[in-house]
Colleague: 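Before we start, here is the structure in question, set down as structure tokens.
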Protein chains: 2
Amino acid sequence: MKGRKTNLEGANCGIARSLQIVGDWWTLLIVRDAFRGYQRFGEFQKNLGLAKNILSARLKKLVQEGIFTIEAHPDSPSSPRYVLTPKGEKLYTVLVALWQWGEENCFDLGELDTEMVDRIDGAPIRALQVKADDGRLLGPRDFRLASRPSPADA
Amino acid sequence: MKGRKTNLEGANCGIARSLQIVGDWWTLLIVRDAFRGYQRFGEFQKNLGLAKNILSARLKKLVQEGIFTIEAHPDSPSSPRYVLTPKGEKLYTVLVALWQWGEENCFDLGELDTEMVDRIDGAPIRALQVKADDGRLLGPRDFRLASRPSPADA
DNA sequence: TCGACAGGTTTCAAAATTAAACCGAGGCCT
DNA sequence: AGGCCTCGGTTTAATTTTGAAACCTGTCGA
């Protein structure tokens, strides 16, 4: 991420900014596991199978960025728990988008063995839809990235 | 991505699969630029400021994965154009999710200078919402990843 | 024919990732 | 109390990936 920093530091668009934080190999998988209920270092490490030093670095960054907070649990005071902040929890839309795209485009038939379901009734979740302000459905070519008038305009 | 391959190759969930393809530093930015209308190697390279060898490798992979196709344009037969496939175009939901999260969580006030708008009327786009099968709005804690019954079940 | 340019590939140094060894603080068992 | 185990990391050294810059090749226009 050497040149990346230089390039995207003053990134102009939200996509680039998001990717600065969650755009690497492991981060979104860590967040995914957090949604699954994992909280402890060892849980993430064992489940994802990534090197401990990398996990350590990622968690450190994610805490810095306000995605996780560290909470020391009364039960085992020496084992910190990594808990999603509201900012972190809002990433669920991104996860759902990735999940749906992956499920639709990246599996052979019968290969898929997990799915994201309604916690309450176990029913499937609707495909995300991009909609215009007035409710019209927008396809992949119906939007564009526009520059805002000027920084000092509003 | 050494260990990553080993770990996620037989990845069980759609999120992991997606990230195998688009989960690196540059790929989604390339796709973003493709939605902006960029098609040529030099356009991507100049706009993103990434090294040519890296861009070359990414585009090669993306073509392999069926995100882009190469089309030789009648105008300039020697300059290939990289064009999104339907599979690639479906990534727009992911981009929108990242964009909205980034816009909401990664900018200081007044810092944001681009926005994603309706191509037709320039109006803003609605925030993506995760909804249950029956239309209920689902928050970040209202879904879970469940294992499917069995690979050879349906 | 000359030079310029687009679209890469090659080369080599710098940075990130990895696995594995190590370490300190608690628990737990005896 | 002593010994051993686990958890949560850090350190170290080898491997991979990345990045910048040089280089190559085919096309184009003058």
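Fair warning: this is a prediction, and the values are worked out from it, not measured in the lab. Numbered from 1 within each chain, the chains take letters A, B, ... in sequence-line order.
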Colleague: For B:R144, is there an ion pair with A:D118 - N to carboxylate O distance below 4.0 angstrom?
Modeller: no
Colleague: Taking NZ from A:K60 and C1' from D:dT11, how many angstroms apart are they, rounded to a whole number?
Modeller: 12 Å
Colleague: Looking at A:F107, is B:R17 sitting on its ring face, NZ or CZ under 6.0 Å from the six-membered ring centre and within 45 degrees of the normal?
Modeller: yes
Colleague: Nearest whole angstrom, please: distance from the C1' of C:dT10 to the CG of B:L55.
Modeller: 16 Å
Colleague: Has B:S79 got a side-chain N or O lying under 4.0 Å from the OP1 or OP2 atom of C:dG7?
Modeller: yes
Colleague: How many Å lie between CD on A:E43 and P on D:dG9, as a whole number?
Modeller: 13 Å
Colleague: In whole angstroms, how far is the P atom of D:dG8 from the OH atom of A:Y38?
Modeller: 14 Å
Colleague: At under 4.0 Å, does any side-chain N or O of A:Y82 touch on OP1 or OP2 of D:dG9?
Modeller: yes
Colleague: When we call it a touch if two heavy atoms are under 4.0 Å apart, what does A:K46 touch: a base, just sugar-phosphate, or nothing?
Modeller: nothing
Colleague: Using the test side chain to side chain contact (heavy atoms under 4.5 Å, CB included), find all partners of B:E104 that sit at least two apart in sequence or belong to another chain.
Modeller: A:K90
Colleague: Would you mind reading off the distance between A:D24 atom CG and D:dT17 atom P, rounded to a whole angstrom?
Modeller: 15 Å
Colleague: Applying side chain to side chain contact (heavy atoms under 4.5 Å, CB included), can you list everything that pairs with A:L109, at least two apart in sequence or on another chain?
Modeller: none
Colleague: Pair up each side-chain donor or acceptor in residues 44-52 of chain B with any protein partner under 3.5 Å, not counting sequence neighbours, and list the distances.
Modeller:
unit_1 : atom_1 : unit_2 : atom_2 : d
B:Q45  : NE2    : B:L50  : O      : 3.1
B:N47  : ND2    : B:Y38  : OH     : 3.3

Colleague: Please give, in whole Å, the distance from D:dT18 P to B:I30 CD1?
Modeller: 11 Å
Colleague: May I have the distance from B:W25 (atom CH2) to D:dT17 (atom C1'), rounded to whole angstrom?
Modeller: 12 Å
Colleague: Would you say A:W26 places a side-chain N or O within less than 4.0 Å of OP1 or OP2 belonging to C:dT18?
Modeller: yes
Colleague: Does A:F68 have any ring-ring contact (aromatic ring centres under 6.0 Å, His included) partners at least two apart in sequence or in another chain, and if so, which?
Modeller: none
Colleague: Is the distance from OP1 or OP2 of D:dT10 to the nearest side-chain N or O of A:S56 less than 4.0 Å?
Modeller: yes
Colleague: C:dT9 P sits how many Å from B:L59 CG, rounded?
Modeller: 10 Å
Colleague: Please list each protein N or O that sits under 3.5 Å from an N or O in nucleotides 20-23 of chain C, with the distance.
Modeller:
none

Colleague: Looking across every strand, which nucleic acid part, if any, lies under 4.0 Å from B:F44 by heavy atom: base, sugar-phosphate, or nothing?
Modeller: nothing
Colleague: Can you give me every donor-acceptor pair (side chain of residues 28-36 of chain B, partner residue at least two apart or in another chain, under 3.5 Å) with its distance?
Modeller:
unit_1 : atom_1 : unit_2 : atom_2 : d
B:D33  : OD1    : B:R36  : NH1    : 3.3

Colleague: By nearest atom, which of the nucleotides C:dG7, D:dG8, D:dG19 is closest to the A:F41 side chain?
Modeller: D:dG8
Colleague: Check whether any side-chain nitrogen or oxygen of B:R40 sits under 4.0 Å from OP1 or OP2 of C:dG7, and answer yes or no.
Modeller: yes
